[in-house]
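Whatever order the structure lists them in is the order used to number ligands and atoms, beginning at 1.
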Amino acid sequence: MRNYNTKFVGKVLMEFDELPSTNDFARNYANQSAAQEGAVIRARKQTSGRGQMGTTWESMPECNLTMSVVLKPSWLRADQQTGLSKAVALAVFDALQDWANREKIDQQIQIKWPNDVLINRQKVCGILIENTINGQNLGVSVVGIGVNVNQTHFSGALSSATSMALVSGKEEDIEQVMRLIFAYLEANYLLLKSEGGAVTLHQHYLQHLLGYQQLMSFVSVPDGRIFEGVIVDVDADGMLCVDRDGVVQKFGLKSIKINP
Ligand code: BTN
């Protein structure tokens, strides 16, 4: 990308030392009639950061990027909302790849279904998108993004996480990471809106998806059974399509885990 300036993402930027959750603040802000598309809410510390499926998002205060972007994709059908999830994951992927290229970091950056971003198979970013629906289309989307930037110690459940600083060996500029994500988020969002853009994003997403066209180990969530298969697609509903001995089965978020 040559030009990192944006037209609307980050033009309104509200920064706080502390918030319970930037997603909660963003949702309240988005309910106001004057809410601007692309407005960003950032907190240096979250006291009740939220993750996917009711989990909490742990992030060391002051060290990382925790922000939410307010979007208004009223042009996107609700049954195509997975397109937005892919566009956002790819925006973080693109921003990290841009950074890695400039820093000459030769480590693999990937997306883990549905929208985690990994460096060297370790999680560096989590995304929580919360949509409202208006008729057949989306209303407001609150796109919550947590990137591990300068945190260097991860313990307990997070022991397999990483950060940009751990990868580069030096402190990184959180503000710069944020601006880079703004630029790629706006570009991918506009691409999704354009004719044929969803197909381009889907192909780009599969190209960088952990386990795509590779034999991988999975855990079946209800019973803990381990099985092998090959990811062959992610369908329009966001389901993971896994080929198990020639039969393609579809899995939702609650029914499968990719074995680390
Ligand atoms: C996940 O991987 O479980 C998703 C984590 C999303 C975390 C971000 S941090 C900014 C925003 N505010 C929140 O409360 N959560 C998201």
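- Under the side chain to side chain contact (heavy atoms under 4.5 Å, CB included) rule, I129 has a single partner from I145, L71, L84, N23, which is L84.
- Of all atoms in ligand 1, numbered sequentially from 1 with element shown, those under 4.0 Å from a heavy atom of G51 are 1 (C), 3 (O), 4 (C), 5 (C).
- Among protein heavy atoms, atom 15 (N) of ligand 1 sits closest to R50 O, 2.7 Å.
- Not less than 6.0 angstrom separates the ring centroid of F16 from the ring centroid of Y29.
- The part of Q46 lying near ligand 1 is the side chain, judged by heavy-atom distances below 4.0 Å.
- Under 4.0 angstrom from ligand 1, there are no non-hydrogen atoms of D24.
- A distance of 14.5 Å separates NZ in K257 from CG in L240, rounded to the nearest 0.5 Å.
- Taking the six-membered ring where tryptophan is involved, the planes of F93 and H204 are perpendicular, since the angle between them exceeds 60° and thus also 30°.
- The ligand atoms of ligand 1 that sit less than 4.0 angstrom from a heavy atom of D116 are 2 (O).
- Among all protein heavy atoms, the one lying closest to atom 3 (O) of ligand 1 is Q52 N, 2.7 Å.
- The atoms of ligand 1 that sit less than 4.0 Å from any heavy atom of G146 are 8 (C), 9 (S).
- Shown here is E15, whose CD atom has more than 12 heavy atoms of other residues, nucleotides or ligands within 6.0 Å.
- Numbered from 1 in the order shown, with element, the atoms of ligand 1 that lie under 4.0 Å from a heavy atom of T22 read 10 (C), 11 (C), 12 (N).
- A donor-acceptor pair under 3.5 Å links the side-chain atoms of S163 to the main chain of Q151, judged by distance alone.
- Considering every non-hydrogen atom in both C241 and V248, the closest pair reads CB-CG1, 3.9 Å.
- Protein heavy atom nearest atom 5 (C) of ligand 1, with residue, atom name and distance: W57 CE3, 3.3 Å.
- Near G49, the atoms of ligand 1 lying under 4.0 angstrom from a non-hydrogen atom of the residue are 14 (O).
- Look at K123 and you'll find a heavy atom under 4.0 Å from some atom of ligand 1.
- Atoms of ligand 1 found under 4.0 Å from any heavy atom of M67 (numbered from 1 in listed order, with element): 10 (C), 11 (C).
- Considering V147, D173, N150 in turn, V147 is the only one that fulfils the side chain to side chain contact (heavy atoms under 4.5 Å, CB included) rule with M164.
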